[in-house]
Structures are given as C-alpha cells and as structure tokens.
A.B. asks: 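Below: one structure in structure tokens.
Not measured: the values here are computed from a predicted model.
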Amino acid sequence: MIITDARFIVSNTDYIQCPKPDIPEYAFIGRSNVGKSSLINMLTGRKNLAKTSNTPGKTRLINHFIINNNWYLVDLPGYGFAKISKSIQFKWEKMLEDYLLHRTNLITTFILIDSRLEPQKSDIDFISWFGEKSLPFALLFTKADKLSKSRLFYGLEKYKQTLMEQWDEPPLSIITSAKTGEGKDQVLQLIEEMNSELKD
Ligand code: GTP
Ligand code: MG
C-alpha cells in the first residue's frame, strides 16, 4: 500500500466521542516510550504527524488519523508508565480498555514491544488479556536498529518461548525500526490485506 494522504482528525478521552465507526480502524499500543508515535510517522512517511518525545507519557489521548481517506490509524497512550499517579494511571487504563473492547470498527491492534528488553510482565499480561477477550492483534517489535542481528534474533526467540507458555501458536510478529524503515512494507501490506478482506 502506498500512503498518499495522512491527516490528523481528532483527539479524545473517550471512545464514545471518537469519529463515526464507518471505516476500518487499526490501533497502535504499547508501553510508554516503546516508539508508537515514531512508528506511525515512519509508516505514513510524515515526520511530525504523531508527536514523539524522549519523555515517556507524551501521548495522552486517543488520537485518530485518517489514511488515504480509507481507514483510521489510532495512536494511543502508553501503559505501564510508573511515573504517573495511580489515579491518572487508572483513568488511562479504563479509557484504553473501553476503547479496545467497544470500538466496533477496530480490526486489529498492533501491540508494540521494545526489541531490546527481556519479556516484560506488563506486556505479557496485556497480550494475555487480548487472548482472554478474543481481540485480534499482531506484535510489532520496535527499535530493531539499536541491536545487532544476532541479539535481535535471540531476543525474539526468547520472547516466542515465553509466549508459547500461554499460546498454541506464536502470534503474528513483525520486526520494525522507525529509524531505518524496517517492517514498513510488511505492516502496510498486512493492513491492506485486512482492508480488502472486509470488502469481500
Ligand atoms: P508515549 O507516547 O510517551 O507513550 O511514547 P511512544 O511509544 O509514542 O514513543 P515515541 O515514538 O515518542 O518514541 C520514544 C523515544 O524512542 C523517542 O526518543 C524516539 O526517537 C525513540 N525511538 C522510537 N522509535 C525508534 C526506533 O525505531 N529507533 C530508534 N533508534 N529510536 C526510536
Ligand atoms: Mg506517543
């Protein structure tokens, strides 16, 4: 898929106020600072479409972007961010959970995982929650440029082994880098396939 048009539409704190759910939607979620906003900019080829930051907790709302006038891409706040108060954390979690459970046009959620880290409990729990709720998802391993090929390979193997303790099959995974553009074609192709399946 070639992205010819990418535009920010609106930010919301509540899924009920999100744009009318009349076109397919794909959301990007993951721990704070994992690289969600950077990946969205890489995929759309727009440097500053989604706001990025060195400080975790930059994205605080449900942000809708419309792509090629044909589907929504959604940038979500990070979870597992320790440096905010418990009450704000609770509010964010509730907002995310409501959005993920009730957004009717949400086709798939891309769960982003930092390639450099050992499997983190918050990620594993989050992935299990998707399983419990039967919500479709794919894993995107981020910041691949920061690792050697061999470290990346062993890290991902370890991740798969951890997931296989709970899953019969390893979830669909794509390796990405916002810096080098790795994974761009694969992610966009996957979205294109899902969009065309909906039309059948
Ligand atoms: P929150 O909105 O705070 O939850 O963060 P986020 O997940 O949207 O992360 P963001 O895209 O803002 O990126 C966090 C930091 O990681 C920034 O300093 C980015 O420049 C850096 N970063 C993101 N992706 C990559 C990548 O693929 N490679 C490298 N080298 N750095 C990256
Ligand atoms: Mg962000």
A.B. asks: Linking I/L/V/M/F/W/Y whenever their side-chain heavy atoms sit closer than 4.5 Å, directly or via other members, would Phe141 and Phe126 fall into one cluster?
C.D. replies: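 In one cluster with Phe141: Phe126, yes.
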
A.B. asks: Are any side-chain N or O atoms of Ser37 and backbone N or O atoms of Lys51, one a donor and one an acceptor, separated by less than 3.5 Å?
C.D. replies: yes

A.B. asks: State which residues pass side chain to side chain donor-acceptor pair (under 3.5 Å) with Glu193; sequence neighbours excluded, sorted by chain then number.
C.D. replies: Gln189

A.B. asks: Just jot down the salt bridge (Lys or Arg N to Asp or Glu O under 4.0 Å) partners of Asp98, sequence neighbours excluded, or say none.
C.D. replies: Lys94

A.B. asks: Would you check if the side chain of Asp75 reaches a backbone N or O of Asn63 as a donor-acceptor pair within less than 3.5 Å?
C.D. replies: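 Side chain of Asp75 to backbone of Asn63: no pair is present.
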
A.B. asks: Output a table of donor-acceptor pairs, distance under 3.5 Å, between side-chain atoms of residues 22-30 and any protein atom two or more places apart or on a different chain; print 'none' if there are none.
C.D. replies:
{"from": "Glu25", "atom 1": "OE1", "to": "His64", "atom 2": "NE2", "distance (Å)": "3.1"}
{"from": "Glu25", "atom 1": "OE1", "to": "Arg103", "atom 2": "NE", "distance (Å)": "3.1"}
{"from": "Glu25", "atom 1": "OE1", "to": "Arg103", "atom 2": "NH2", "distance (Å)": "2.8"}
{"from": "Glu25", "atom 1": "OE1", "to": "Asn105", "atom 2": "ND2", "distance (Å)": "3.1"}
{"from": "Glu25", "atom 1": "OE2", "to": "His64", "atom 2": "NE2", "distance (Å)": "3.1"}
{"from": "Glu25", "atom 1": "OE2", "to": "Tyr99", "atom 2": "OH", "distance (Å)": "2.6"}
{"from": "Glu25", "atom 1": "OE2", "to": "Arg103", "atom 2": "NE", "distance (Å)": "3.0"}
{"from": "Tyr26", "atom 1": "OH", "to": "Asn195", "atom 2": "OD1", "distance (Å)": "2.8"}

A.B. asks: Please identify each residue that fulfils side chain to side chain donor-acceptor pair (under 3.5 Å) with Ser173, with sequence neighbours left out.
C.D. replies: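 None.
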
A.B. asks: Could you go through Cys18 and Ile62, starting from their C-alpha distance and side-chain angles, then the distance that decides it, and tell me whether this counts as side-chain contact (heavy atoms from CB on, under 4.5 Å)?
C.D. replies: CA-CA 8 Å; Cys18 287; Ile62 302 169; 3.9 Å; yes

A.B. asks: Using the test salt bridge (Lys or Arg N to Asp or Glu O under 4.0 Å), find all partners of Arg151 that sit at least two apart in sequence or belong to another chain.
C.D. replies: none

A.B. asks: List in chain and number order the residues that pass salt bridge (Lys or Arg N to Asp or Glu O under 4.0 Å) with Glu118, two or more places apart in sequence or in another chain; answer none if no residue qualifies.
C.D. replies: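 With sequence neighbours excluded, Glu118 shows a salt bridge (Lys or Arg N to Asp or Glu O under 4.0 Å) to Lys158, given in chain and number order.
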
A.B. asks: Among the clusters formed by ILVMFWY side chains lying less than 4.5 Å apart, do Trp129 and Ile124 turn up in the same one?
C.D. replies: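 Trp129 clusters together with Ile124.
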
A.B. asks: Is Arg116 reaching over with its side chain to a backbone N or O of Asp114, donor-acceptor style, under 3.5 angstrom?
C.D. replies: no

A.B. asks: Heavy-atom count check: over 12 atoms from other residues, nucleotides or ligands less than 6.0 Å from Tyr154 OH?
C.D. replies: no

A.B. asks: Should Leu190 and Leu106 be regarded as members of a common hydrophobic cluster, given that ILVMFWY residues are connected when their side-chain heavy atoms come within less than 4.5 Å of each other, either directly or indirectly?
C.D. replies: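 Shared cluster, no.
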
A.B. asks: Identify, with sequence neighbours excluded, every residue that meets side chain to side chain donor-acceptor pair (under 3.5 Å) alongside Ser128.
C.D. replies: Gln166

A.B. asks: With salt bridge (Lys or Arg N to Asp or Glu O under 4.0 Å) as the rule and sequence neighbours excluded, what pairs involving residues 6-18 come up?
C.D. replies: Asp5-Arg7

A.B. asks: For the rings on Trp167 and Phe137, is their centre-to-centre separation under 6.0 Å?
C.D. replies: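 Trp167 vs Phe137: aromatic centres under 6.0 Å.
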
A.B. asks: Is there any salt bridge (Lys or Arg N to Asp or Glu O under 4.0 Å) pair reaching into residues 160-175, and which pairs are they, with sequence neighbours excluded?
C.D. replies: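 Qualifying pairs, neighbours excluded: none.
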
A.B. asks: If you look at every heavy atom in Ile2 and Asn68, which pair is closest and at what distance?
C.D. replies: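 Shortest heavy-atom contact: O-ND2, 3.0 Å.
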
A.B. asks: Answer whether the closest heavy-atom distance between the side chains of Met1 and Trp71 falls below 4.5 Å.
C.D. replies: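 Result yes, sub-4.5 Å side-chain heavy-atom pair found.
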
A.B. asks: Can you confirm whether Ile113 sits close enough to Leu140 that some side-chain heavy atom of one is under 4.5 Å from a side-chain heavy atom of the other?
C.D. replies: no

A.B. asks: Look up atom CG in Leu188 and atom CD1 in Ile3, then write down how far apart they are to the nearest 0.5 Å.
C.D. replies: 4.5 Å

A.B. asks: Do Ile40 and Ile174 sit in the same hydrophobic cluster, where Ile, Leu, Val, Met, Phe, Trp and Tyr count as joined when their side-chain heavy atoms come under 4.5 Å apart?
C.D. replies: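 Yes, because Ile40 and Ile174 connect within a single hydrophobic cluster, where side-chain heavy atoms sit under 4.5 Å apart.
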
A.B. asks: According to salt bridge (Lys or Arg N to Asp or Glu O under 4.0 Å), who are the partners of Lys121, at least two apart in sequence or on a separate chain?
C.D. replies: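 With neighbours one apart ignored, the set is Asp125.
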
A.B. asks: Could you check if a side-chain atom of Ile175 sits within less than 4.5 angstrom of a side-chain atom of Leu152, using non-hydrogen atoms only?
C.D. replies: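 Side chain of Ile175 against side chain of Leu152, heavy atoms only: contact under 4.5 Å found.
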
A.B. asks: Is any side-chain heavy atom of Pro170 less than 4.5 Å from a side-chain heavy atom of Met164?
C.D. replies: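 In contact.
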
A.B. asks: Examine distances only and state if a side-chain atom of Lys36 and a backbone atom of Arg31 form a donor-acceptor pair shorter than 3.5 Å.
C.D. replies: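 Such a contact is found between Lys36 side chain and Arg31 backbone.
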
A.B. asks: Same hydrophobic cluster for Leu43 and Ile191, using side-chain heavy-atom links shorter than 4.5 Å among ILVMFWY?
C.D. replies: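 Looking at the clustering, Ile191 is in the same group as Leu43.
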
A.B. asks: Is the shortest heavy-atom distance from the side chain of Thr176 to the side chain of Glu182 under 4.5 Å?
C.D. replies: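 No - every pair of side-chain heavy atoms lies 4.5 Å or more apart.
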
A.B. asks: Mind checking whether Leu39 and Val187 have side chains closer than 4.5 Å, heavy atoms only?
C.D. replies: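 Sidechains of Val187 and Leu39: no contact.
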
A.B. asks: Could you go through the side-chain contact (heavy atoms from CB on, under 4.5 Å) check for Leu61 and Asn12 one step at a time?
C.D. replies: CA-CA 6 Å; Leu61 298 163; Asn12 281 293; over 6 Å; no

A.B. asks: I need the full list of ring pair (Phe, Tyr, Trp, His ring centres under 6.0 Å) pairs touching residues 35-54, with sequence neighbours left out, sorted by first then second residue.
C.D. replies: none

A.B. asks: Enumerate the ring pair (Phe, Tyr, Trp, His ring centres under 6.0 Å) contacts for residues 181-200, please, sequence neighbours excluded, ordered by first and then second residue.
C.D. replies: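 Sorted pair list comes back empty.
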
A.B. asks: Taking side chain as C-beta onward, heavy atoms only, is Ile107 less than 4.5 Å from Tyr72?
C.D. replies: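 Of all side-chain heavy-atom pairs linking Tyr72 with Ile107, none is under 4.5 Å.
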
A.B. asks: Would you call Leu96 and Pro77 a side-chain contact if the rule is heavy atoms closer than 4.5 Å?
C.D. replies: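 SC-SC contact between Leu96 and Pro77 confirmed.
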
A.B. asks: For Thr109 and Phe130: C-alpha separation, side-chain torsions, deciding distance, then whether side-chain contact (heavy atoms from CB on, under 4.5 Å) applies.
C.D. replies: CA-CA 9 Å; Thr109 300; Phe130 270 72; 3.7 Å; yes

